[in-house]
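What follows is one structure encoded as structure tokens, with my remarks underneath.
Throughout, a chain's letter reflects where its sequence line sits, starting with A, and its residues are numbered from 1.
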Amino acid sequence: MFSSNSKLFLYNSLSRQKEEFIPLNEGKVGMYVCGPTVYSDVHLGNCRTFISFDVIYRYLTFLGYKVRYVRNITDVGHMLDDGEDRMSKGARIDQLEPMEVAQKYSNGFHDVMRVFNVLSPSIEPRATGHIPEQIEMVEQILENGLAYERNGSVYFDTLKFAEKTNQYGVLSGRIIDDLIAESRDNLKNQSEKNHPSDFAIWMKASDEHLMRWNSPWSVGFPGWHLECSAMSTKYLGEKFDIHGGGNDLKFPHHENEIAQNVGACGHQPATYWLHTNMLLMNGKKMSKSDGNTISPKELFEGDSVHVTKGYSPMTVRFFMLQSHYRSPNDLTDDGLQAGEKAFRRILEAIKSLNKIQGSSEQGSMDDKIDNLISLAWEDMNDDFNVPKALSRVFELVTIINTLKENKSETISVLSLDRCKKFFNDFIFNVLGLADDTVEGHGPMDGLMDIILKIRKQAREQKDWNTSDLIRNGLNDLGITVKDGKENTEWIINN
RNA sequence: GGUCGGAUGGCCGAGUGGCUAGGCAGAGGUCUGCAAAACCUCGUACAGCGGUUCGAAUCCGCUUUCGACCUCCA
């Protein structure tokens, strides 16, 4: 548990400004994040969003909140242009049952989340597991007169909603007057909808449609915004604290979600709406269609024209954390290389921490260290400003290295412990990073001890041939030998 | 066309009305048998043009330009 005099502020997409975080129920947080649609392999952009919210989840937990984190899996309902359910299209391509497709890609998604060290949410509900709840919500919206049935399908009446509540477009800045004005010109081209901006909350299934359920209106399937409204309400209540997702979901997904919740319950669901920005690659949005994409696996293995080598999951996670969650994150090979080195410096400094002796009296670096630690936590309280907090970490790294090398600077035992705790809390617990450098594996450590002992003896006898033979040989194997003042360290290069 | 958000030093990336993060790369130095590592020092950047102000990269306007969304998207 961490206490600070600074309060947590977060940027609310609804008000477009930072607001103090005040949970509805003291000490508890309800957070809903829109999860993936499991019809294909997880996209690296998804990973960024879920890593961002993972840090938010971890930090809220670290602050002492009891967090119920709900992140759904959408396995039904998203429509294609031709009206075919996206899940069944995936099924046709893969020659699998729809639920088999969903299971396959759910598994893949979970695997990737695991290697990125993303914590599981408290609840991970599936859309197909909540059909009755969604039907109920459609009924409520119909009762409230904000939807209409047409040939077995039910559509949300955005015009009526806009006129009645004046709320449609609050998130995305869309203007109701424009919406209403549009209605005159768009009478042509109308299918079943009264207005182009109306959206389906229940769809009648066509004959070849594989995923289908009984409902009061038809055998069909729920509309593609409804599952989030229904499941967030079920597990977090009609009102909860935080709703998150990628900013490409603002419109129409979240806008329609709000409409549905207001339409069903009379008020919108979340106090704070948080949106993460996009992951770019080489300055452009990642997109499969124009080849500007890389899968997590390709990135880890270096199996892509976009990277010169593979980067470990923790390197990628660190790289993503170097930009703020509300800023675009531009993935480049240069950037990853810089991130890899920077991350290693932090890991090395953490190891160095155990080699530093603290003094019983006040140390020369104590104040600086204590100050940087509290500044880092203040940064986190300022809308989870991880990059800024990391800048404090690097200043701490410099101090740690100084303490290690320079005996004229000192640290007290108290500050040293505080520093160790900070690195453990912040780097590992809150940022969810881990040391994934491949070392310390059983016999390897002992082996290296022996080799380096031999080299030490050679050096003491000024037998540079032998000592360089060892160093160069290890280097060829991808192991860098680092001679310090007192002892020699080694590291496996990636 | 509409909505929203950007343009920061070689690259990445925070931030703020005056105290001018941080990382990577680069230069010099310390250390070292040499090298690496580590440490120290250095670089004064905020698209352009106006305006507000004692003072703006930070606020306002315009221009240029980039991106996201408006259709499935994290």
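Out of B/C40, B/G23, B/C73, the shortest distance to the side chain of A/Thr402 is found at B/C40. Among B/G33, B/A35, B/C4, the nucleotide with an atom closest to any side-chain atom of A/Asp483 is B/A35. Distances from the side chain of A/Lys341 to the nucleotides B/G23, B/A25, B/C73 place B/A25 closest. With B/A74, B/U16, B/C40 as the candidates, the nucleotide lying closest to the side chain of A/Lys18 is B/U16. For A/Met278, the listed nucleotide lying nearest its side chain is B/A68; candidates were B/C24, B/C39, B/A68. Listed nucleotides B/A68, B/C39, B/A74 differ in distance to A/Asn247; the shortest reach to its side chain belongs to B/A68. Comparing B/A14, B/C39, B/A74 by their nearest atom to the side chain of A/His324 picks out B/A14. Considering only the side chain of A/Thr480, B/A36 comes nearest among B/U32, B/A36, B/C73. Checking B/C70, B/A74, B/A36 against the side-chain heavy atoms of A/Phe251 singles out B/C70 as nearest. Side-chain proximity of A/Ser323 to the nucleotides B/A14, B/A36, B/U32 is greatest for B/A14.
Under the Watson-Crick and G-U wobble criteria, each requiring two contacts below 3.5 Å, nucleotide B/G5 is paired to B/C66. Pairing partner, B/A14: none, since no Watson-Crick or wobble contact has both distances short of 3.5 Å.
Taken residue by residue, residues 384-393 of chain A places heavy atoms nearer than 4.0 Å to RNA chain B at A/Asn385, A/Pro387, A/Lys388, A/Ser391.
Judged by atom type and distance alone, A/Ser467 reaches the base of B/G33 through a side-chain donor-acceptor pair under 3.5 Å.
Once rounded to the nearest 0.5 Å, the distance linking CZ of A/Arg58 with CG of A/Asp425 reads 12.0 Å.
Straight-line distance from the CZ atom of A/Arg471 to the C1' atom of B/A35: 5 Å, rounded to whole Å. Atom CG of A/Asp330 is separated from atom P of B/A14 by 11 Å (rounded to the nearest Å). Atom OH of A/Tyr325 and atom P of B/A14 are 13 Å apart (whole Å). As rounded to whole Å, 17 Å separates atom P of B/G6 from atom CG of A/Asn329. We find that CG of A/Asp248 is positioned 11 Å from P of B/A68, with the value rounded to whole Å. What separates NE2 of A/His275 from C1' of B/C73 is a distance of 13 Å, to the nearest Å. Between the NZ atom of A/Lys193 and the C1' atom of B/U71 there is a distance of 10 Å, rounded to whole Å. Per the geometry, CD belonging to A/Glu395 stands 11 Å off P belonging to B/C40, to the nearest Å.
Here, B/G10 and B/A45 have their P atoms 11 Å apart, quoted to the whole Å. Using P as the reference atom, B/A21 and B/G17 are 15 Å apart when rounded to the nearest Å.
Counting heavy atoms from C-beta outward, A/Tyr325 and A/Asn277 have side chains that stay 4.5 Å or more apart.
One finds a salt bridge joining A/Glu348 and A/Lys482 here, because a Lys/Arg side-chain nitrogen approaches an Asp/Glu carboxylate oxygen to under 4.0 Å. We find that A/Asp435 and A/Lys351 are joined by a salt bridge, their nearest charged nitrogen and carboxylate oxygen being less than 4.0 Å apart.
When the side-chain nitrogen and oxygen atoms of A/Arg455 are compared with OP1 and OP2 of B/C34, none of them lie within a distance under 4.0 Å. Not one side-chain nitrogen or oxygen of A/Arg459 sits closer than 4.0 Å to the OP1 or OP2 atom of B/G33.
Counting non-hydrogen atoms of neighbouring residues, nucleotides and ligands closer than 6.0 angstrom, the NZ atom of A/Lys420 exceeds 12 such neighbours.
A/Ser327 comes within 4.0 angstrom of sugar-phosphate atoms only, judged by non-hydrogen atoms across all strands, and of no base. Across all strands shown, A/Gly35 has heavy atoms under 4.0 Å from sugar-phosphate atoms exclusively, and none from any base.
Here the rule is salt bridge (Lys or Arg N to Asp or Glu O under 4.0 Å) with A/Asp382, and of A/Lys388, A/Lys18, A/Lys7 only A/Lys18 fits it.
Using the six-membered ring where Trp is involved, A/His225 and A/His253 have ring planes that are tilted, between 30° and 60° apart.
Remark: aromatic rings of A/Phe109 and A/Phe50 are close, center separation under 6.0 Å.
Cation-pi check for A/Arg71 over A/Phe53 is not met; the charged atom does not lie both under 6.0 angstrom from the ring centroid and within 45 degrees of its normal.
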